[in-house]
Amino acid sequence: MSKKNKKTLPHSVTKAELIVMYCNQFSEAKIRNQINEILKEKNISKDTKIIPHLEFMEFVETYGLPKGYYLDDD
């Protein structure tokens, strides 16, 4: 699939956006548990709504790019 049909991976996302991005690959519970685990390791409250960039990138590195997105490395 060419980049034309895909969206650029955002810099950071909310938990709700993350779930939407990955819901066709993993269960909502798995997504929520995994991002909360990453946040916990970095001493960030799991109650935070917006996932910081580095933690979002860690999730993406672990689980791969969500379907329909590409990493803009320009």
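No experiment lies behind these values; they were computed from the predicted model shown.
Here the shortest heavy-atom pairing between Y22 and G64 reads OH-O, 2.6 Å.
Under the 4.5 Å side-chain criterion, counting only non-hydrogen atoms from C-beta, K40 is not in contact with S45. Between K6 and Y70, the closest side-chain pair of non-hydrogen atoms falls below 4.5 Å.
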Would you tabulate the side-chain donor-acceptor contacts of residues 26-35 under 3.5 Å, counting partners in other chains and residues two or more places apart, or write 'none'?
residue	atom	partner	partner atom	Å
S27	OG	K30	N	3.1
E28	OE2	R32	NH2	3.0
N33	ND2	A29	O	3.2
Q34	NE2	Y63	OH	2.7

Donor-acceptor contacts under 3.5 Å from residues 52-62 side chains, at least two apart:
residue	atom	partner	partner atom	Å
H53	ND1	H11	O	2.6
H53	ND1	H11	ND1	3.3
E58	OE1	K42	NZ	2.8
T62	OG1	E58	O	2.8

Would you give me the side-chain donor-acceptor pairs under 3.5 Å for residues 13-20, sequence neighbours excluded?
residue	atom	partner	partner atom	Å
T14	OG1	E17	N	3.1
T14	OG1	E17	OE1	3.4
K15	NZ	N36	OD1	2.6
K15	NZ	K46	O	2.2
E17	OE1	T14	N	2.8

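Under the side-chain contact (heavy atoms from CB on, under 4.5 Å) criterion, S12 pairs with I50, sequence neighbours left out. In terms of the side-chain contact (heavy atoms from CB on, under 4.5 Å) criterion, residue partners of K67 (sequence neighbours excluded) are, by chain and number, N24, Q25.
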